[in-house]
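Structure first, then comments.
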2 protein chains.
Amino acid sequence: MTRSDARETKEKILDSAEKLFARDGFPATSLRAITADAGVNLAAVHYHFGSKDALVEAVFTRRLEPLNQERLTLLDAVETSSEATSPEKILEAFVGPPLRLLRDEKRGGATFMRLMGRTLTEPSQQVQEIFIRQFREIAGRFTAALKHALPGLPPEEIFWRMHFSIGAMAHTMSDTFRLRLISGGLCDSADVDATIHRLVTFLSAGMQAPGTGDRP
Amino acid sequence: MTRSDARETKEKILDSAEKLFARDGFPATSLRAITADAGVNLAAVHYHFGSKDALVEAVFTRRLEPLNQERLTLLDAVETSSEATSPEKILEAFVGPPLRLLRDEKRGGATFMRLMGRTLTEPSQQVQEIFIRQFREIAGRFTAALKHALPGLPPEEIFWRMHFSIGAMAHTMSDTFRLRLISGGLCDSADVDATIHRLVTFLSAGMQAPGTGDRP
DNA sequence: GTCTATATCCTGATAGAC
DNA sequence: GTCTATCAGGATATAGAC
C-alpha cells in the first residue's frame, strides 16, 4: 500500500464516500465504513479533508462543477443555433446532463446521479447550502432562457414550473426501482435517451400550459 | 408529570419525533433529542414503541392512513359525479390532500408535509418499505382512473408521468424556502389553493402531452 | 503520508427501584 | 407507567510513532 500516492487515496475516499452516501445518506454513513470500503486508514480522511463535513462538500463539488458547466455549454449552443429557442431544447439542456450520468461512469455514473437526486429534495442545512451556491448561476441562466422562449408567461410562473421540473427530475434520478415495482415491470429506466425524452415531453407540456394568474 | 397518562406521553413522543425527523432526518435524530423535546423520559420510547424503527413507522402510519383515505374518498366523488373524469380532477384528488396539510395542524400540518415530501424522495430502505406498503392501493386506484381518463395513452406512459408527478409534488411539499430565495421573493407558497392550482395545471398539461412511443 | 492507539462523547437499549 | 443508572458499542477526531 506504500506505492499508492496521496492522489489515489483521496480519490478512493471520494469514490467510496459517494457510493455509501448515495446508498445510506450522510448521517448514517460513518467514516469507518467509508475508509473500510476504500481500503485506506481511518485517519486519512482527516488528513486529506479535515472533517466529515468537508468530505461531504468535496464529494459534491467534484461532480457538480463539470456537470453545471456542461449544462451551460448546451444552453449556449441552443441559444446561438436557432432563432426561436424552444422550451424543449432548453429543458433538455437542463435535465439531460444529470440523467446521462447513468451511463457516464467517469463522472460518477448511476451512483452520483442517485446521490444528487435524493439530496436535491432531502436537504440537510449544510448540503442545501452547497447546492444553492452551485445552483444560483444555473437557475438564473435557465429561467432567463425560458422567459425568452415563453414571453406570455408571468415570471413567477416560470419559477414555479422550474421548481416542479426540478422535483420531477430529482425523483427520476433518485428512484431506480420503485417505478419498476409499481408498474409491474412495465417501466424500465435502462434506456436513458428514452427517459430523457419522456421527461422533457412531460415538462415541456407543463411549462407551456396556460398561465394560472386568473384562478377559476 | 404523574398526572399525564400514557396516551398523552405517546402522543407527545410522536409529535416531537415528527418535528425533529422533518428537520434533521431519521438517522441524525437521536431518541434523547426526541424525549428531551417531548419532556418525557428516555425509557418511555422503548416502553411505548419498542425501538427507534418502530417509532419511525408509527410516526408515518398515524398520518398516512387518514390522508390516503381522504384521497380515495375524493377520487370516488370525482368518478361518480361526472361522466368524463378529467385528468385535472383526478390529479387534484391526488396532490390536494397532502398539500392542504399545510393549514391542517390537527393532521401534522407543515411539519408532516415536509417530512413526507423529503421522505418520498430520500428513501432509507426501511422507510421506503413503509411507503410502498401504504401506497400500493392508492397507486393502483389513481393510475386506473387516469387510464380511463386518457384512453389514448399507453399504460407505461401513465406510470412514468405519475412518477414525474410524484416528484414534482414531493419537491413542492419538502421545500418551503428555496423557491422563494431563488425567485427573489417573487414566489410565495402561503396561498395553498393557488399552489395546488399551479401544480395541477402543470401536471395535467404534462399528463395530456402526446405519447412518446414513437421517438423522433 | 500513513499508520496504531486512544481520548471523548453520544448512541440505542435495558435492568430494576419506585 | 415512569424514573435513574448503566451497559456495550460506535461515532468523530487527534496524538504521536514510523
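Labels below follow one simple rule: chain letters A, B, ... track the order of the sequence lines, proteins then strands, and each chain is numbered from 1.
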Looking at A:Glu65 and A:Arg133, does any basic side-chain N land under 4.0 Å from a carboxylate oxygen?
no
Could you state the atom-to-atom distance from CG of A:Leu55 to C1' of D:dA11 in whole Å?
15 Å
Could you tell me whether A:Lys10 sits above the aromatic face of A:Tyr47, with NZ or CZ closer than 6.0 angstrom to the six-membered ring centre and within 45 degrees of the axis?
no
Strictly below 4.0 Å: does B:Asn41 bring a side-chain N or O up to OP1 or OP2 of D:dG1?
no
Partners meeting salt bridge (charged side-chain N to carboxylate O under 4.0 Å, His left out) with B:Arg141 (sequence neighbours left out):
B:Asp76, B:Glu79
Any B:Thr9 side-chain N or O less than 4.0 Å from OP1/OP2 of D:dT2
yes
Side chains of A:Ile182 and B:Thr143: does their closest heavy-atom pair fall under 4.5 Å?
no
Just verifying a value: how many Å separate A:Arg63 CZ and A:Glu18 CD, rounded to the nearest 0.5 Å?
4.0 Å
Integer-rounded Å distance: D:dG1 C1' and B:Ile13 CD1
11 Å
Protein-nucleotide distance (A:Tyr47, atom OH; C:dT4, atom C1'), rounded to Å
17 Å
Could you run down nucleotides 11-18 of chain C 5' to 3' and tag each one B, S or - for protein heavy-atom contact under 4.0 Å?
BBBB----
In terms of side-chain geometry, is the basic nitrogen of B:Glu11 or B:Arg62 positioned less than 4.0 Å from the acidic oxygen of its partner?
yes
